[in-house]
Amino acid sequence: MAMPVKAARLCLLAGRSVASLSVRHSRAVRLPERRCYTSTSTSSNLQFRLDERTAHSSLDLFKKDTAVIYRMLGLVLSRVQDNPERFQDWAVVFGDEKISGGRHYWEVTVKKSQEFRLGVAEALMPREDCVGTNSSSWVFGYAKRKWFAMHSNKIVPVTLVGKSDRIGILLDYEAGLLALVDIGKPSIIHTIRVQFKSPLCPAFGLWDGELLTHSGLEEPEGLK
């Protein structure tokens, strides 16, 4: 799909400057009815799979839709037909769980990837956008050997963490907290504070390598 040159600079490499982007007008998509679970539990053992209907055509799901691998666009395309839920321009996929309350925890194993994003996004986030670049998504990213937090196209460096093969994500909907967790200690590395107002989905961006999600986990003790 053709796209403006300026827009292509936004998300292809997270380490590039995004200040000069000319943002296109975005609007939420009206999505067709589909099976999707809504969590209102206060427990941390959120269970989800990746939703293939949302996956960009460069992403393939495997391990019973708990993992995703990046394929070079044009070589191996997704078997899922185009639909309003699919991300059109960026290598993004959502989890199939809608979260409207509670405190939840999951982990992600990263393999052979030097650029990815992990976090949450509103279920009706515009499919023309990339996670982290608009007001509907909140993510932690890794690119050029550096971590960062990203929301509304603003990047905040995250220090005190190197390249980790497995990382944790903690979401407290009512408290307005999204945290990156060092599972080795365990401890919270960085937090994003926001007042969530709409149902959220786990969100993932991947530009090389593989991601494997681990849901249904209990929150490690000691995290606050």
Side-chain angles (χ1 to χ4, degrees), residues 10-11 13-16 18-19 21 23 26-29 36 38-40 44 46 48 50-51 54 56 68 85 87 89-108 110 113 115-143 146-161 164 167-183 187-207 211 213 215 219 223-224:
L10 173 64
C11 208
L13 286 176
R16 293 182 181 175
V18 293
L21 174 70
V23 181
S26 297
R27 55 189 175 85
V29 294
C36 189
T38 301
S39 173
T40 57
S44 60
L46 175 73
F48 67 85
L50 299 177
D51 185 355
T54 68
H56 184 264
V68 59
E85 296 184 62
F87 279 88
D89 299 331
W90 312 114
V92 172
V93 62
F94 277 0
D96 66 356
E97 181 91 5
K98 289 183 180 178
I99 306 167
S100 57
R103 186 175 172 99
H104 308 284
Y105 175 79
W106 61 93
E107 294 178 358
V108 181
V110 183
S113 179
E115 187 177 4
F116 54 86
R117 296 180 189 178
L118 318 169
V120 296
E122 293 180 354
L124 294 181
M125 170 182 156
R127 295 322 198 234
E128 299 85 1
D129 293 350
C130 184
V131 288
T133 66
N134 59 21
S135 61
S136 304
S137 54
W138 303 261
V139 297
F140 298 102
Y142 183 87
K146 295 181 180 180
W147 282 91
F148 58 91
M150 190 174 184
H151 169 63
S152 291
N153 212 20
K154 297 179 180 179
I155 293 176
V156 177
V158 173
T159 58
L160 303 179
V161 58
S164 176
I167 201 78
I169 298 291
L170 176 66
L171 169 69
D172 191 323
Y173 191 98
E174 284 79 13
L177 177 147
L178 181 71
L180 186 68
V181 177
D182 181 343
I183 66 174
S187 64
I188 291 178
I189 300 168
H190 190 91
T191 60
I192 298 174
R193 295 283 184 174
V194 61
Q195 184 177 359
F196 299 117
K197 298 179 180 180
S198 301
L200 305 174
C201 292
F204 308 88
L206 182 67
W207 286 269
L211 295 179
T213 63
S215 63
E219 177 185 334
L223 300 183
K224 295 181 179 180

How long is the span from the CZ atom in R103 to the CG atom in L46, to the nearest 0.5 Å?
13.5 Å

Side-chain heavy atoms of C130 within contact of V92, under 4.5 Å:
yes

Give a yes or no on whether the backbone of D51 and the side-chain of T54 come within a donor-acceptor separation of less than 3.5 Å.
yes

Can you measure from NE2 (H104) to CZ (F48) and round to the nearest 0.5 angstrom?
11.0 Å

Which pair of non-hydrogen atoms, one from H151 and one from S137, has the smallest distance, and what is that distance?
ND1-O, 2.8 Å

Are the side chains of N134 and P126 in contact, using a 4.5 Å heavy-atom criterion?
yes

Considering non-hydrogen atoms only, spot the tightest contact between E174 and G101 and give its length.
OE2-CA, 3.3 Å

Would you indicate whether the side-chain heavy atoms of T133 and R117 approach each other to under 4.5 Å?
yes

To the nearest 0.5 angstrom, please state how far the CD1 atom of I167 sits from the CG atom of L211.
12.0 Å

How close do M125 and A121 get, heavy atom to heavy atom, and via which atoms?
SD-CB, 3.8 Å

To the nearest 0.5 Å, tell me how far W207 CH2 sits from S113 OG.
9.0 Å

Nearest 0.5 Å, please: how far is OG in S215 from CD1 in I169?
13.5 Å

What distance separates S187 OG from L180 CG, expressed to the nearest 0.5 Å?
9.5 Å

From CA spacing to verdict: side chain to side chain contact (heavy atoms under 4.5 Å, CB included), Y173, V120
CA-CA 11 Å; Y173 191 98; V120 296; over 6 Å; no

Please lay out, stage by stage, how I189 and V158 fare under the test side chain to side chain contact (heavy atoms under 4.5 Å, CB included).
CA-CA 8 Å; I189 300 168; V158 173; 3.9 Å; yes

Test applied, ring pair (Phe, Tyr, Trp, His ring centres under 6.0 Å); reference residue, F116; option that passes from F204, W147, F140
W147

Any chance you could lay out the side chain to side chain contact (heavy atoms under 4.5 Å, CB included) test for W138 and E122, step after step, and finish with the verdict?
CA-CA 9 Å; W138 303 261; E122 293 180 354; 4.0 Å; yes

Heavy-atom closest contact (T213 atom, L50 atom, distance):
CG2-CD2, 4.1 Å

Distance-minimising heavy-atom pair for V139 and I192
O-CD1, 3.7 Å

Between P199 and K98 the two heavy atoms that sit nearest each other are CB-CB, 4.4 Å

Does the pair L171 and W106 meet the rule for a side chain to side chain contact (heavy atoms under 4.5 Å, CB included), with working shown?
CA-CA 9 Å; L171 169 69; W106 61 93; 4.2 Å; yes

Does the side chain of S136 come within less than 4.5 Å of L124's, by heavy atoms?
no

